[in-house]
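Read through the structure below, which is laid out as structure tokens, and then see the notes.
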Amino acid sequence: MKLFYSPFHTFVHKVLVTAHECGHWDHMERIATFPFKNNQGEDCGDSYDISQLNPLDKVPTLVTDDGQSVFGSQAICEYLDSTARTGKIYPEPGPKRWDALCRLSLCDSIFESTVQMVMEQWKPRDQWNMGLFEWLWPKFTAGLDSLERDAKRGWDSFDVGHAAMLHAISYLGFRAEFYEAKDPIHPNFNWRDGRPALSAWYDEALQRPSVQRHYNQPFEGDDSAAACQAAVRACLDLRATNGA
Ligand SMILES: N[C@@H](CCC(=O)N[C@@H](CS)C(=O)NCC(=O)O)C(=O)O
């Protein structure tokens, strides 16, 4: 199978953690895809366009060994879990599963909202929509506080909600460190402040082999647009052969 994703290993990727936990790591080709670099050159060969695999032209997008596209990180994680070669990270139906799915949903929302804020700050300072920040911040703080209460109670296993927590929380740190533009409401925000249980859980979870395998590690492979387009063509050929 092939995974098209943005190889910024400066934060934890939920789909990579899931792939590793479920025993797919060595059976998954990782294709560097930078969706925001699309359409910047006149030559289509310079593009990371994957719209023939995913109409939204978004990462992550997975193409199975049968040539079927599975897109949206939630769909990908579920696919990886249901075809797991080793461990599974979706609990059986019941309270533990609903808890994991709620944390997945909460953290995906925090992650996507953080991306929205980052993109807002690509604009000149006087054009930032302050309403966006005012709307999102109470959700972030309430969400993180809820995770702190959960972490105080603790968990007895690692699930997909934890993979999403690592993804969202590490991205909050990445945003604060990597981007020059400071948040207009909380310029010195540190998610750890007042959240000792979540902080301790996070530091321990970061040590998992599924995280260490990619987090802060260089991308292994060719990250050029040409390599991405070659992989897209291979997927389309496979799809045509299999009628997927
Ligand atoms: N709900 C999707 C969100 C994916 C997403 O927003 N991906 C962004 C990068 S973080 C993207 O590819 N954006 C390109 C675009 O919007 O054109 C998921 O969880 O997979």
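The residues of the chain are indexed from 1 along the displayed sequence. Each ligand, and each atom within it, is numbered from 1 in the order the structure gives. Values reported hereafter were calculated over all heavy atoms of this structure, with side chains retained and with hydrogens, waters and symmetry mates removed.
Ring geometry, H167 versus F11: the interplanar angle falls from 30° to 60°, so the pair is classed tilted. Relative orientation of the Y48 and F34 rings is perpendicular, given thresholds of 30° and 60° on the angle between their planes. Classification of the H13-Y5 ring pair by plane angle, with boundaries at 30° and 60°, yields perpendicular.
Remark: minimum distance from atom 16 (O) of ligand 1 to any protein heavy atom is reached at K58 CE, 3.3 Å. Here the heavy atom of the protein found nearest to atom 17 (O) of ligand 1 is D57 O, 4.0 Å. Among all non-hydrogen protein atoms, the one lying nearest atom 20 (O) of ligand 1 is S73 N, 2.7 Å.
Side-chain contact, E120 with N129: no donor N or O sits under 3.5 Å from an acceptor N or O. Side-chain polar atoms of D159 and H162 form a donor-acceptor pair below 3.5 angstrom. Remark: the H24 side chain and the T83 side chain contain an N/O donor-acceptor pair separated by less than 3.5 Å.
Ligand 1 has F36 within reach: a non-hydrogen atom of the residue lies less than 4.0 Å from it. The closest approach between V59 and ligand 1 falls below 4.0 Å for a heavy atom of the residue.
Counting the atoms of ligand 1 from 1 in the order shown, those under 4.0 Å from a heavy atom of P60 are 20 (O). Less than 4.0 angstrom separates some heavy atom of Q74 from each of these atoms of ligand 1: 19 (O). Those atoms of ligand 1 with a heavy atom of G72 less than 4.0 angstrom away are 20 (O).
Close N/O approach between E112 and ligand 1 is found [any backbone or side-chain N/O within under 3.5 Å]. Checking only distances, K14 never comes within under 3.5 Å of ligand 1, N or O to N or O.
Taking the six-membered ring for Trp, F36 and W122 have ring centres closer than 6.0 Å.
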